[in-house]
Amino acid sequence: MTERGERATIIGITALAVLSRLTVLWQPMRFDEGVSWAYYVGRSWWTIVGTYQQPNNHVFYSLLAKLSAAALDYPPWALRLPAFIAGVAIIPLTWAVGRRFADGRTALLAAALSVGSTQLMLYSTNARGYTLFVALFLVMLLVADHIRESVTKAGPSLHSGRQEMMSSRAQGEGSARAWLLLTTLGAIGLYTIPIMLYPLGIVATWLAMSSRAMDAPHRTRFLGRVGASFAGSVAIAGMLYIPIIRTAGLGALLGNKFVAASPWDVFLRELPGNFAATVGRWTAPLPWWCIPIMALAALLGMRRPAPSARPSLVIAAGVWCTLVLFGTHRAPFYRVWLFLLPLFLLSVSRGAWWLVQRARPAHTWRGEWAAGVVAVASLVLAVTSHAVEANDDTGVFAPAEQVTAVLAPRLKPGDRVLAPIPPIGPLLYYFPRAGADTVLLTRPLEQANRAFLVLDKRSGQTLEWAVRTGIINPAEFPRPILIADYKDGAVWEVVRK
């Protein structure tokens with residue numbers, strides 16, 4: 001495999017990734033996106049940096065989204081543009097990390113698998129900060145490995161006396177920018193989403209593991225720099241969060257209901273299912289029977305066929321994530337693990353090449369052609385399966401815009417629109433665009449003589465469900481009338497008795 005051919009292939013694969021993500025960039029707004037726009041991005045700059053009613057405010061991403069969309073009146077594609085750019089960047093970054101930590105063929109195949117990955121496509125077209133923190137993690141790995149190499153190449157064992165002192169000084173000066181960049185990337189990630197603590201800690205753990213080959217004085221100094229970089233990222237992010245801490249308290253960031261500790265029995269019961277469901281999402285849009293195959297390939301790819309100067313990323317990730325998980329004893333949302341998906345695909349690719357080499361001689365396989373075929377197949381499968389549109393992560397209510405068009409001309413000041421999760425999120429976005437007052441989505445029901453009930457069929461929301469859960473009382477609002485019916489939703493009108 002020539003370097004020129006490899007670079008041409010990754011450019012082509014990245015172009016296919018752009019195409020795959022463009023096919024879903026204009027999908028209907030989802031629940032989390034609608035809430036994020038209604039409470040943060042669609043409001044003032046100060047609201048973004050100074051309020052944190054719920055974790056929907058990925059602050060740094062919210063700032064980028066406002067910057068990209070405000071002048072255009074916040075169309076969905078513009079709100080998603082920063083996520084789209086970061087999501088596309090994940091493809092060449094996965095390749096770059098793969099070339100450093102594995103080899104060119106593995107890197108290209110992993111990038112090819114990323115083209116149609118449902119999770120990567122979804123969050124590349126979702127106006128939240130998830131692809132941004134994945135991209136930041138991959139860049140941090142590249143910077144961290146650059147630091148490791150600079151320390152190794154300028155090691156004291158190759159010098160003596162004045163030469164050693166000058167080399168150590170040059171080494172410190174040469175890596176200062178890299179340490180500063182690493183610290184800054186970590187701070188940006190934390191200011192985007194506090195769960196950046198996971199990848200930030202993995203990088204710090206991996207660097208700390210790199211110090212094993214150093215002598216005691218250099219190891220101490222190196223570990224001090226690792227600790228200073230980690231603490232610096234946290235400190236910078238903490239300063240950026242000061243307006244939020246002053247208005248909402250530190251608990252809004254670290255103690256909200258989505259990250260609060262679970263009872264130990266609940267945590268231990270949920271954790272295996274959390275991991276299994278995460279791997280299942282990572283293999284989409286491939287059929288279910290591919291899950292064990294890819295998991296096996298990933299396990300094979302995690303093996304180290306020969307000793308390496310680089311510490312194991314698998315061990316670093318396992319150690320740090322275990323510490324955080326058991327320290328918080330809370331099984332996180334599946335999307336929290338998104339930053340590990342590129343590494344999973346790299347492990348799958350490495351394991352797949354290992355199997356291929358045992359089936360046929362290695363020289364009969366061209367990595368560029370294999371990766372190109374996989375990338376095209378991944379794109380076709382992703383587009384034809386509509387896996388992203390069908391995925392319910394972050395809340396889906398596809399007919400939200402049509403429902404708004406039906407309700408907007410009917411609504412009067414005394415009405416109430418009863419929209420549970422997920423319909424309420426997209427409606428918070430589409431109502432103002434249609435001239436409807438979002439107050440009607442939240443005003444007390446006792447103040448309304450007429451209500452409209454918006455239900456999501458995909459979530460099993462029926463009229464009977466609404467009565468059973470207490471959303472509507474048939475004694476107060478009898479004789480519901482169906483005024484709009486869609487494949488995934490329905491709208492009912494009810495008038496107070």
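Keep in mind that this is a model prediction, so the values were computed, not measured.
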Give the minimum heavy-atom separation between [X] and [Y], together with the two atoms involved.
| X | Y | result |
| --- | --- | --- |
| M121 | T23 | CE-OG1, 4.2 Å |
| S262 | R330 | OG-CD, 3.1 Å |
| P82 | Y61 | CB-CE1, 3.4 Å |
| F344 | V279 | CZ-CG1, 4.4 Å |
| T9 | A371 | CG2-CB, 4.5 Å |
| L182 | A144 | CD1-N, 4.4 Å |

Is [Y] paired with [X] through a side-chain N to carboxylate O contact shorter than 4.0 Å?
| X | Y | value |
| --- | --- | --- |
| E149 | R310 | yes |
| K457 | D488 | no |
| R105 | E6 | no |

To the nearest 0.5 Å, what is the distance between [atom1] ([X]) and [atom2] ([Y])?
| X | Y | atom1 | atom2 | result |
| --- | --- | --- | --- | --- |
| T131 | F339 | OG1 | CZ | 15.0 Å |
| L428 | Y39 | CG | OH | 5.5 Å |
| Q402 | F397 | CD | CZ | 9.0 Å |
| Y429 | M29 | OH | CE | 5.0 Å |

Looking only at side-chain N and O atoms, does [Y] offer a donor or acceptor that is under 3.5 Å from a partner on [X]?
| X | Y | result |
| --- | --- | --- |
| W337 | N274 | yes |
| Y40 | K66 | no |
| S150 | S175 | no |

Show me the donor-acceptor pairs, under 3.5 Å and distance only, between side chains in residues 108-120 and residues at least two apart or in other chains.
residue, atom, partner, partner atom, Å
S114, OG, A110, O, 2.9
S117, OG, L120, N, 3.4
Q119, NE2, D393, OD2, 3.4

| field | Aromatic contact, Y191 with Y241 (centres under 6.0 Å) | value |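 Centroid separation for Y191 and Y241: below 6.0 Å.
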Kindly say whether [Y] contributes a backbone atom to a donor-acceptor pair with the side chain of [X] at under 3.5 angstrom?
| X | Y | answer |
| --- | --- | --- |
| T94 | I90 | yes |
| R458 | A390 | yes |
| R80 | N126 | no |
| W37 | L79 | no |

Is [Y] close to [X] at the side-chain level, that is, under 4.5 Å between some pair of heavy atoms?
| X | Y | result |
| --- | --- | --- |
| Y486 | D456 | no |
| V134 | L341 | no |
| D73 | R433 | yes |
| S459 | P422 | yes |
| L22 | L25 | yes |
| I424 | V454 | no |
| W45 | V49 | no |
| F267 | L325 | yes |

| query | How are the rings of Y130 and Y123 set to each other: parallel, tilted or perpendicular (split at 30° and 60°)? | reply |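 The arrangement is perpendicular - the two ring planes meet at more than 60°.
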| request: Report the relative orientation of the aromatic rings in F258 and F333; use parallel for angles under 30°, tilted for 30 to 60°, perpendicular for over 60°. | output: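 The arrangement is tilted - the two ring planes meet at 30° to 60°.
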| said: For L122, run the side-chain contact (heavy atoms from CB on, under 4.5 Å) check against R21, R335, R30 and tell me which one passes. | reply: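 Single pass found, and it is R30.
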| message | Using the side-chain contact (heavy atoms from CB on, under 4.5 Å) definition, which of the options T184, I188, I193 pairs with L136? | response |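 The residue from T184, I188, I193 that satisfies side-chain contact (heavy atoms from CB on, under 4.5 Å) with L136 turns out to be I188.
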| task | For P287, check side chain to side chain contact (heavy atoms under 4.5 Å, CB included) against everything at least two apart and list the hits. | result |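 With neighbours one apart ignored, the set is W289, C290.
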| said: According to side chain to side chain contact (heavy atoms under 4.5 Å, CB included), who are the partners of L300, at least two apart in sequence or on a separate chain? | reply: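 In terms of side chain to side chain contact (heavy atoms under 4.5 Å, CB included), with neighbours along the sequence ignored, L300 is linked to L296, R303, W354, L355.
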| task | Just jot down the side-chain hydrogen bond (donor to acceptor under 3.5 Å, both in side chains) partners of R350, sequence neighbours excluded, or say none. | result |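 None.
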| query | Can you pull the ring pair (Phe, Tyr, Trp, His ring centres under 6.0 Å) pairs that have at least one residue in residues 85-104, sequence neighbours excluded? | reply |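 Listed by first then second residue: F101-W206.
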| task | Starting from the C-alpha separation in whole Å, work towards a yes-or-no answer on ring pair (Phe, Tyr, Trp, His ring centres under 6.0 Å) for F84 and W77. | result | CA-CA 9 Å; F84 179 87; W77 69 267; 9.7 Å; no
| For H386, what residues pass the ring-ring contact (aromatic ring centres under 6.0 Å, His included) criterion, not counting sequence neighbours? |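 Residues passing ring-ring contact (aromatic ring centres under 6.0 Å, His included) with H386: none at all.
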